[in-house]
There are 2 protein chains.
Amino acid sequence: MKDEKLRKSWKQDAEGVKHDILMVAMAEFAENGLAGARIDEIAAKTKTSKRMIYYYFGDKDGLYLAALESAYARVRAGESDLDIDHMKAEEAMEALVRFIFDHHRSNPDLIRMVMNENVNHANYLKKSEFIRDLNLTSMRRLQRVLSMGQQEGVFRQEIDPVFLHWQIQAQCFYNVANRPSFSTKFGPELFTDEGQKQMVDNIVESTLRFLRA
Amino acid sequence: MKDEKLRKSWKQDAEGVKHDILMVAMAEFAENGLAGARIDEIAAKTKTSKRMIYYYFGDKDGLYLAALESAYARVRAGESDLDIDHMKAEEAMEALVRFIFDHHRSNPDLIRMVMNENVNHANYLKKSEFIRDLNLTSMRRLQRVLSMGQQEGVFRQEIDPVFLHWQIQAQCFYNVANRPSFSTKFGPELFTDEGQKQMVDNIVESTLRFLRA
DNA sequence: GCGTGAACTCACCAGTTTGTCCGTTAACCC
DNA sequence: GGGTTAACGGACAAACTGGTGAGTTCACGC
């Protein structure tokens, strides 16, 4: 009953507090979406208080946007520098597809945030030019491998690099995003360890067959 | 001030009211998701009152599930019977892919509801065995075309029909679902009329190359 | 015309959820 | 050690939102 004096001792750590809030917010928004997430819930899972969320991020939208950008930045930072420049085109393309496939699989939180953005007509994505820039990098890498293959003569000339990127993304994204509905309808076999191995092999095979001259 | 007697005249029309509510609910849930949709908003767009929603559907979850099933049923009913049995395998496969592509494009509301379901770990989809059955039909149709092609000798024997179905779905679904985020990041070119024509051509080409012996 | 159950209206509530007021503590400068 | 500013906490307010209680009208059989 009498802890009036004990509660109010704390350290100042602006960056730490902000980071803590962002990590929790990211997880909550990824799980529940913008409308579904609850500020109180986020605050409760934080080391700090709800008041601090408003202190640093203004309002719920501000927190959401910050969490979205943070999610992109964090995942982007975790991208290992894939060493494909010394490879031949087919080999490089295979490595790249496998990398994107694994990358998506191991970052479901980002995938879920993007799903939410799409439900929301990408309203917040549009506000962030920061995020737009991030994505061009992976696009350019693919383009390099493609033209490498075209110069080697193993890939067709008439391939649209944007479509190619779209097609790889479509499959790698769908694999994570629509797993719940697909496995409900057609069983979980595609999503076991063995199933996923088969799947990525198939995607690689399919991509190469599409590209070959 | 004195309209005590004027307001209370109405006709009984249970089916009409239910249908009206469902149509509005479908649109609202598709647009805003389960958490984002507001019962008051749905009620306002209805010819009837909020109380009727609870009268017929119990609670928000009940209404959501009813809207989800109704969305599937309505779209399924609109599927034209695609006449592919007299075609050769390659031709039939192309027709089928184009059909699925167009079908997804012209039913964005259903796509959006499925997106929401996936955000929600397909919780409500799992509850509805009615929906599971619906989807097996399109799966079987694809399987028929595939084995037709294998008997003709034009398609490879080692194709997994579930993966093939998954791959077509992935692209056709992603095309609608992730259009907002993709076009924000990489421009709207893929989604113009011309772009979509190119895209479906590419998907067909890619699918056939994957299948061919 | 009258009884009955289904269909329907209106007003309201209780719990939730975002956001803020106000005061307190830490850190830093002089 | 006094003053200033940034960092922080707790409690409260205002609006929103899902859900309900209680009574009214309709349709139909008798």
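It should be emphasised that the depicted structure is a prediction, and the values quoted were computed from it without experimental measurement. Naming convention: chains lettered A, B, ... in sequence-line order (proteins, then strands); numbering from 1 in each chain.
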Check side chain to side chain contact (heavy atoms under 4.5 Å, CB included) between B:S183 and all other residues, then give those that pass, not counting sequence neighbours.
B:F191
Sequence neighbours excluded, the answer for side chain to side chain contact (heavy atoms under 4.5 Å, CB included) partners of A:R98 is A:E94, A:V200, A:D201, A:V204
Where [X] and [Y] come nearest, the two heavy atoms and their spacing:
X: B:N118; Y: A:R112; value: O-NH1, 3.9 Å
X: B:L68; Y: B:L125; value: CD2-N, 4.2 Å
X: B:D83; Y: B:H86; value: O-CE1, 3.2 Å

Whole angstroms only, please: what is the [atom1]-[atom2] distance between [X] and [N]?
X: B:I53; N: D:dT20; atom1: CD1; atom2: C1'; result: 14 Å
X: A:Y54; N: C:dG19; atom1: OH; atom2: P; result: 4 Å
X: B:L63; N: D:dG18; atom1: CG; atom2: C1'; result: 12 Å
X: A:R51; N: C:dT17; atom1: CZ; atom2: C1'; result: 16 Å

Neighbours of DNA chain D within residues 55-62 of chain B, by heavy-atom distance under 4.0 Å:
B:D59, B:K60
May I have all residue pairs that pass ring-ring contact (aromatic ring centres under 6.0 Å, His included) and include part of residues 61-81 of chain B, sequence neighbours excluded?
B:F29-B:Y64, B:Y64-B:Y124
Mind listing the residues from residues 15-49 of chain B sitting with a heavy atom below 4.0 Å of DNA chain C? Number order is fine.
B:V17, B:T48, B:S49
For the helix from C:dG1-D:dC30 to C:dC30-D:dG1, figure out the bend between the end axes, five pairs an end, and round to 10 degrees.
0°
Should A:F163 and A:I168 count as side-chain neighbours, where that means a heavy-atom distance under 4.5 Å?
no
